[in-house]
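Notes for the one structure printed next.
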Amino acid sequence: MTDARSSKGAPKDEVAELARRRGYLGQAFEIYGAAAGFYDYGPLGAGLKRRVENQWRDFYMREGFYEIETTSVVPRSVFEASGHLESFTDPTVACTRCKNFFRVAEDLDVGKRCPDCGGVLEAAGEINLMFQTRIGVPKAGSEENTKSEAYLRPETAQGIFLNFQRLLRFNRDKLPFGIIQIGKAYRNEISPRQSLIRLREFTLAEVEVFVAPREKNSHPEFEAVADRKLRLVPASSNTNYELGIENYEEKSVGEAVRSGIIANEYLGYHIAKVDEFLEGLGITRAKLRFRQHRRDEMAHYATDCWDAEFLSDRYGWMEIVGVADRGDYDLNAHASSSNTDMSVRTEQGKIIPHVIEPSYGIDRIFYALLESAYYKEQVGKENRQVLKLKIELAPIRAAVFPLLNKAELKEKAREVFQNLRDASIFVEYDGSGSIGRRYRRQDEIGTPYCITIDYETLEDDAVTIRERDTMKQVRVPIAEVEKILA
RNA sequence: GCGUCGAUGGUCUAGAGGCAUGACUUAGGCCUUCCAAGCCUAAAGCCCGGGUUCAAAUCCCGGUCGACGCACCA
C-alpha cells in the first residue's frame, strides 16, 4: 500500500487532519462530490482568516495606505488592456493518436510529433485560465456579445489601476501613495492541488504603491528597515526551483540594495515589510526565503519580482507573497486602451508612476501559519497537540470551565463566561468530560487561556488561569481576568 | 490535462463476493478538587452512477475527489 494510504497516516498530514476535524477547513460542495480547487473555511478557520486579514489591514494602514474595494466581475476590455486575456489564453495541441493535450511550445505545435507516443499533433483550441461570464443578457449574434463579455478577476490589482485618477485626486495629486485591497480572485487552474496551495477561488491581499520613477531609489523610511536580515536567492544563482533551505545568501536589505541584488530602495523596503509582517504573524522565520524570479518565469507585467517562499513540511517550497516591480506597465496599458490620461504632474513635468506591488496569498499564508503553529509533545502517557497561535490570532481567546460537573460551580462558571462575552472577549464554555480533556481540546484549536472555576472561587472570587504553551497555572481575582486576557 | 495509486462512521482503520471490525471522537449519566483516567448507555460508515451475480463495500466499466509524477501555475 502506497501513496494516499501511507501518506494519510504520516506525521506531516496531522496539520491538515486537525484543520478538517476541528472546524478550520473543509472541501467545498462535499455533499455533491466536491470540485477540485475550492475550500470552505469553517467556524474556526473563518475566525483565524479574518484575524490575519485584519492584522494585514492594520499593518499597511500604519504605512498610511488606504483600503479600497473593487469588483470581482470585470469587463473583457480591461483584460484586453492589461494583457491578461492574451497571456492567460494558451493555444493547445492534441495528439491524434493518444489524445494527450499539450500547451503549444517550440517542439509542441501543429504537425510536430507527440512526445508520449509519436503521433501527429493537431490544433485543439485554446485554454483560458480566467472564468468567463456575461454582463446582462447578450443578443444572439450581435455586437453586444463581445460587449457583454466579462471575466472574474484573476488578481485584485486591476481594480486599483482602474481607479488611479480618482485615487490620485484623493491624494491631492501627490506621489508617492499606496492603496490596499483584500478580495477574492479566481483562476481556473488546469490542475488545482494541495489543499489551500492552488485554489481556483482564493483571497488576495494586494498593495499597490505608486511612485515617481526617479524616486524609486530614495524611500524616506528606508533606514528603518535597512538592517533587517533576509535570506535571498537572486535570479543569478536561481537555476533550480527546488533549491535546498541552505541555498541562500543572508544579507541585510541595505546591503542587498547597495550591491544591486535588489534593484531599488522601494522594492527593498517592501520586501522587508513583507518579512516583518510574516514574522509578526508567527510564520516560522527559519523556513522563509525570498527568491527572485528568473526572466523566463516573470509575469508579463513585471520588470522584477521577488517571492516570499515558505518551506512546508508537507508540500516543499511554496510562494506565499510576491513582490513585483510592475514598472509603468499597467498605467500605460490602461492609458492608451481607454484613452485616459494617467500621468501625474510633477516639478519634472508629466510622468507615469511606477508600481511596486506586494501581493499576499492569504490562503497560503493561512496554511503556512497552521504549519508554523502546530506542534506535538508527550505529556505523561498522552500526546498533546497544540496550535501555538499568537493570542491576537486565536479564534477563541479563552475557555471557561467549571472544575467539576456540579451545579454551584457550573453556575459560577456561566456567570464568568457571560461577563467576558459581554466585555466583547470571545470565550467558550465547556463543562463536559474531565478537566484534562477540556484543556487538550482547547490546546488543539489554539485557545491561549483556560479559566477554571473551583470551590475556592465561591469563597474568594479568584479563578485559575491556565496558559496553553507552558501549561502553567496562576490564581487571579475574577476582577483582573479581563485585563489579563485583553 | 495525461499517467500511477487510492477512497469504509466526524477521525484513524479491519474486512477482498454472503450479519461491516475495532479504536478514538461525540452525546447523556455515574464517579472525579486541575492536564485526553475509569464505569454505564447511546449516536454515527462502505464516494457517485451503471454493469456482472441468487447475492457487490468487495469483481467490471464510467465519473468525482485525493496523493504522487509529467505538464501548468501569467
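Worth knowing before you read on, the calculation uses all heavy atoms, side chains too, and leaves out hydrogens, waters and symmetry mates. Letters A, B, ... are given to chains in the order of the sequence lines, protein chains preceding strands, and every chain is numbered from 1.
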Residue pair Tyr375(A), Arg384(A): steps toward the side chain to side chain donor-acceptor pair (under 3.5 Å) verdict: CA-CA 8 Å; Tyr375(A) 71 95; Arg384(A) 189 173 87 109; 3.1 Å; yes
For Glu208(A) and Arg326(A), run side-chain contact (heavy atoms from CB on, under 4.5 Å): C-alpha distance rounded to whole Å, both residues' side-chain angles, the deciding distance at 0.1 Å, then the answer. CA-CA 9 Å; Glu208(A) 310 298 327; Arg326(A) 297 179 75 130; 4.3 Å; yes
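Not a single donor-acceptor pair, N or O on each side, falls under 3.5 Å between the base of C35(B) and the side chain of Arg468(A). A donor N or O paired with an acceptor N or O is not found under 3.5 Å between the base of C34(B) and the side-chain atoms of Arg466(A). For C35(B), its base never sits under 3.5 Å from the side chain of Asp443(A) at any donor and acceptor pair. In the interface, the side chain of Arg22(A) is not paired with the base of G10(B) through any donor and acceptor atom under 3.5 Å apart. Judged by distance alone, with hydrogens and angles left aside, Glu189(A) brings no side-chain donor or acceptor close enough to the base of C73(B) to form a pair under 3.5 Å.
Nearest to the side-chain atoms of Ser191(A) among the listed nucleotides A36(B), A67(B), C72(B) stands C72(B). Taking every side-chain heavy atom of Ala36(A) into account, G66(B) is the closest of C34(B), G66(B), A36(B). Listed nucleotides U26(B), C34(B), A71(B) differ in distance to Arg437(A); the shortest reach to its side chain belongs to U26(B). Across U26(B), C34(B), C73(B), the shortest atom-to-atom separation from the side chain of Thr452(A) is found for C34(B). Between C35(B), A36(B), C34(B), one nucleotide has an atom nearer to the side chain of Gln385(A) than all others, and that is A36(B). Here C65(B) is the nucleotide among C65(B), C31(B), C34(B) with the atom lying nearest to any side-chain atom of Ala34(A). Among C12(B), C73(B), C65(B), the nucleotide with an atom closest to any side-chain atom of Glu17(A) is C12(B). Side-chain proximity of Arg198(A) to C65(B), A71(B), C35(B): nearest is A71(B).
When each of Leu389(A), Ile445(A), Thr447(A) is checked for a side-chain contact (heavy atoms from CB on, under 4.5 Å) with Pro395(A), only Leu389(A) meets the rule. Of the options Asp307(A), Val233(A), Val321(A), Ile271(A), a side-chain contact (heavy atoms from CB on, under 4.5 Å) to Phe290(A) is made by Ile271(A) and by none of the others. Exactly one residue among Leu196(A), Leu281(A), Thr203(A) makes a side-chain contact (heavy atoms from CB on, under 4.5 Å) with Ile365(A). That residue is Leu281(A).
The distance between atom CD of Glu30(A) and atom C1' of G45(B), rounded to the nearest whole Å, is 14 Å. At whole-Å resolution of the value, CD1 in Ile465(A) and P in C34(B) are 18 Å apart. Look at CG on Asp296(A): it is 14 Å from P on A71(B), rounded to the nearest Å. At whole-Å resolution of the value, CG in Leu196(A) and C1' in G66(B) are 14 Å apart. In this structure, Arg200(A) atom CZ and G66(B) atom P are separated by 9 Å, rounded to whole Å. Residue Leu129(A) contributes atom CG, which lies 17 Å from atom P of A71(B) at whole-angstrom precision. Rounded to an integer number of Å, the gap from Lys410(A) NZ to U32(B) P is 14 Å. Rounded to whole Å, atom C1' of C73(B) lies 11 Å from atom CG of Asp307(A).
Using a 4.0 Å heavy-atom cutoff across all strands shown, Arg193(A) reaches at least one base atom of the nucleic acid. If you check every strand for non-hydrogen atoms under 4.0 Å, Gln194(A) touches sugar and phosphate atoms only. Here Gln442(A) lies out of heavy-atom contact (under 4.0 Å) with every strand. Residue Ala35(A) is in sugar-phosphate contact alone, with no base atom involved, counting any heavy-atom pair closer than 4.0 Å across all strands shown. Among the heavy atoms of the strands lying under 4.0 Å from Pro154(A) is at least one base atom, whether or not backbone atoms are also near. Heavy atoms of Ser195(A) sit under 4.0 angstrom from primed sugar atoms or phosphate atoms, though from no base atom.
With respect to Arg20(A) and Glu30(A), no salt bridge is recorded, no charged nitrogen being found less than 4.0 Å from a carboxylate O. By the 4.0 Å N-to-carboxylate-O rule, Glu382(A) lies too far from Arg440(A) to be salt-bridged with it. The residues Lys412(A) and Asp461(A) are annotated as salt-bridged, a charged nitrogen and a carboxylate oxygen being separated by less than 4.0 angstrom.
Taking atom P in both U11(B) and C47(B), one finds a spacing of 12 Å when rounded to whole Å. Comparing the same atom, C1', in G49(B) and in A56(B) gives a spacing of 14 Å after rounding to whole Å. Taking the C1' atom of each, G45(B) and A23(B) are spaced 15 Å apart, rounded to whole Å. Of the P atoms belonging to A20(B) and A37(B), the separation is 32 Å, rounded to the nearest Å. Comparing the P positions of C5(B) and C19(B) gives an interatomic distance of 29 Å, to the nearest angstrom. Using atom P as the reference point in both C40(B) and C48(B), the two lie 34 Å apart (nearest Å). A distance of about 13 Å separates the P atoms of A57(B) and G50(B), rounded to the whole Å. The P atoms of C39(B) and G6(B) are separated by 39 Å, rounded to the nearest whole Å.
Between Gln27(A) and G66(B) there is a side-chain N or O to OP1 or OP2 distance below 4.0 Å. The side chain of Ser434(A) places an N or O atom within less than 4.0 Å of a non-bridging phosphate oxygen (OP1 or OP2) of A37(B). At least one side-chain nitrogen or oxygen of Arg314(A) sits closer than 4.0 Å to the OP1 or OP2 atom of C68(B). The phosphate of C12(B) (OP1 or OP2) has no side-chain N or O of Arg21(A) nearer than 4.0 angstrom.
Base-pair partner of C30(B): G38(B) (Watson-Crick or G-U wobble, both distances under 3.5 Å). Remark: U4(B) base-pairs with A67(B). Criterion, Watson-Crick or G-U wobble with two distances under 3.5 Å. Pair assignment for U52(B) gives none, since no Watson-Crick or G-U wobble pairing has each distance under 3.5 Å. Across all strands shown, G45(B) forms no Watson-Crick or G-U wobble pair with both distances under 3.5 Å.
The local environment of CD in Glu411(A) is sparse, with at most 12 non-hydrogen atoms from other residues, nucleotides or ligands closer than 6.0 Å.
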